[in-house]
Amino acid sequence: QVQVVESGGGLVQAGGSLRLSCVASGSIFSMNRMGWYRQAPGKQRELVASDTTGGTTNYADSVKGRFTISRDNAKNTVFLQMNSLKPEDTAVYYCNAYGSALGKIGRADYWGQGTQVTVSS
């Protein structure tokens with residue numbers, strides 16, 4: 001079993017900052033990629049940022065220059081530093097871990113339960 005747990009959401013005024021944290025634990029063999037997705041009410045879940053074990057990062061255009069993803073591979077931990085937050089960043093943020101678990105064949109996506117980020121104008 002692989003567990004993914006996020007923390008760090010909350011309410012912040014526009015222009016403010018928040019830092020999200022996520023840790024994957026359990027029967028992990030290796031996590032090739034970890035990242036963050038978000039889902040606003042009435043919208044589809046979208047990629048915010050991701051980071052591969054090789055160091056390749058990917059950001060949604062809407063957050064480039066404002067959000068920074070970082071990762072501790074040894075601890076299967078990923079962070080999302082969010083600066084200059086806007087009301088349109090309001091959403092539930094989900095941590096995603098993609099990789100392989102002990103005793104299982106192949107790779108799979110593992111998801112956290114989400115953390116709410118609300119940006120007031």
Side-chain angles (χ1 to χ4, degrees):
Q1 289 276 6
V2 176
Q3 297 83 38
V4 178
V5 178
E6 310 101 335
S7 60
L11 173 65
V12 65
Q13 287 188 332
S17 298
L18 281 175
R19 180 177 171 87
L20 304 183
S21 301
C22 169
V23 58
S25 62
S27 304
I28 296 171
F29 179 71
S30 67
M31 284 297 157
N32 303 89
R33 184 183 70 240
M34 294 187 74
W36 295 92
Y37 289 69
R38 67 185 181 187
Q39 188 166 19
K43 294 188 177 181
Q44 289 188 330
R45 190 175 296 190
E46 62 175 359
L47 173 69
V48 177
S50 65
D51 183 275
T52 67
T53 303
T56 300
T57 57
N58 187 30
Y59 291 94
D61 288 342
S62 60
V63 306
K64 285 180 180 177
R66 300 188 297 122
F67 291 10
T68 302
I69 189 170
S70 59
R71 185 178 166 190
D72 184 333
N73 292 333
K75 297 181 179 179
N76 292 312
T77 302
V78 65
F79 305 94
L80 186 68
Q81 178 66 43
M82 305 185 292
N83 298 328
S84 302
L85 282 160
K86 303 175 181 180
E88 50 263 45
D89 294 318
T90 295
V92 177
Y93 284 68
Y94 296 91
C95 180
N96 169 262
Y98 174 76
S100 52
L102 295 171
K104 290 194 173 183
I105 296 173
R107 299 171 183 171
D109 282 296
Y110 299 92
W111 294 91
Q113 292 196 329
T115 184
Q116 177 71 45
V117 171
T118 303
V119 184
S120 63
S121 57

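Computed from a predicted structure; not experimentally measured.
- Here CG of Leu80 is found 12.0 Å from CE of Met34. Values are rounded to the nearest 0.5 Å.
- In this structure the side chain of Leu20 reaches within 4.5 angstrom of the side chain of Met82, judged on heavy atoms.
- Side-chain polar atoms of Thr118 and Thr90 form no donor-acceptor pair below 3.5 angstrom.
- Proximity of Arg38 to Val63: side-chain heavy atoms (C-beta onward) are separated by under 4.5 Å at one or more points.
- The shortest side-chain heavy-atom distance between Thr68 and Tyr59 falls under the 4.5 Å cut-off.
- The aromatic rings of Phe67 and Tyr93 sit tilted relative to each other, their planes meeting at an angle between 30° and 60°.
- Separation of atoms OG1 (Thr56) and CG (Asp51) is listed at 8.0 Å; rounding is to 0.5 Å.
- Hydrophobic clustering keeps Val48 apart from Val92 (ILVMFWY residues linked when any side-chain heavy atoms are closer than 4.5 Å, directly or through intermediates).
- Atom OG in Ser7 sits 10.0 Å away from atom CZ in Arg19 (nearest 0.5 Å).
- Side-chain contact between Lys104 and Phe29 is absent, with no heavy atoms from C-beta onward closer than 4.5 Å.
- Residues Cys22 and Val4 approach most closely at SG-CG1, 3.4 Å, considering heavy atoms.
- In this structure, Arg45 places its CZ atom where more than 12 heavy-atom neighbours from other residues, nucleotides or ligands lie under 6.0 Å away.
- Annotation for Gln3: atom CD counts as buried by contact number, over 12 foreign heavy atoms lying within 6.0 Å.
- Atom CD1 of residue Ile69 and atom CD of residue Gln81 lie 12.0 Å apart, to the nearest 0.5 angstrom.
- The OG atom of Ser50 sits 13.0 Å away from the CH2 atom of Trp36 when rounded to the nearest 0.5 Å.
- Of all heavy-atom pairs spanning Thr52 and Arg71, the tightest one is C-NH1, 3.3 Å.
- Of all heavy-atom pairs spanning Ala14 and Ser121, the tightest one is CB-CA, 4.3 Å.
- Comment: Asp89 does not engage Lys86 in a salt bridge, judged by the lack of any side-chain N to carboxylate O separation of less than 4.0 angstrom.
- Side-chain contact between Val2 and Met31: present, with at least one pair of heavy atoms (C-beta onward) separated by less than 4.5 Å.
- For Gln116, the CD atom sits in a packed shell: over 12 heavy atoms of surrounding residues, nucleotides or ligands are nearer than 6.0 Å.
- Remark: the backbone N or O of Tyr98 is not paired with any side-chain donor or acceptor of Arg33 at under 3.5 angstrom.
- The distance from the OG atom of Ser100 to the OH atom of Tyr110 is 7.5 Å, given to the nearest 0.5 Å.
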Passes side chain to side chain donor-acceptor pair (under 3.5 Å), Ser17 versus Asn83? Steps please. CA-CA 4 Å; Ser17 298; Asn83 298 328; 2.9 Å; yes
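- Following chains of ILVMFWY side-chain contacts shorter than 4.5 Å, one can reach Val78 starting from Val117, so the two form part of one hydrophobic cluster.
- Summarising the geometry of Thr115 relative to Glu6, their closest heavy-atom pair is CG2-CB, 4.2 Å, with the distance given to 0.1 Å.
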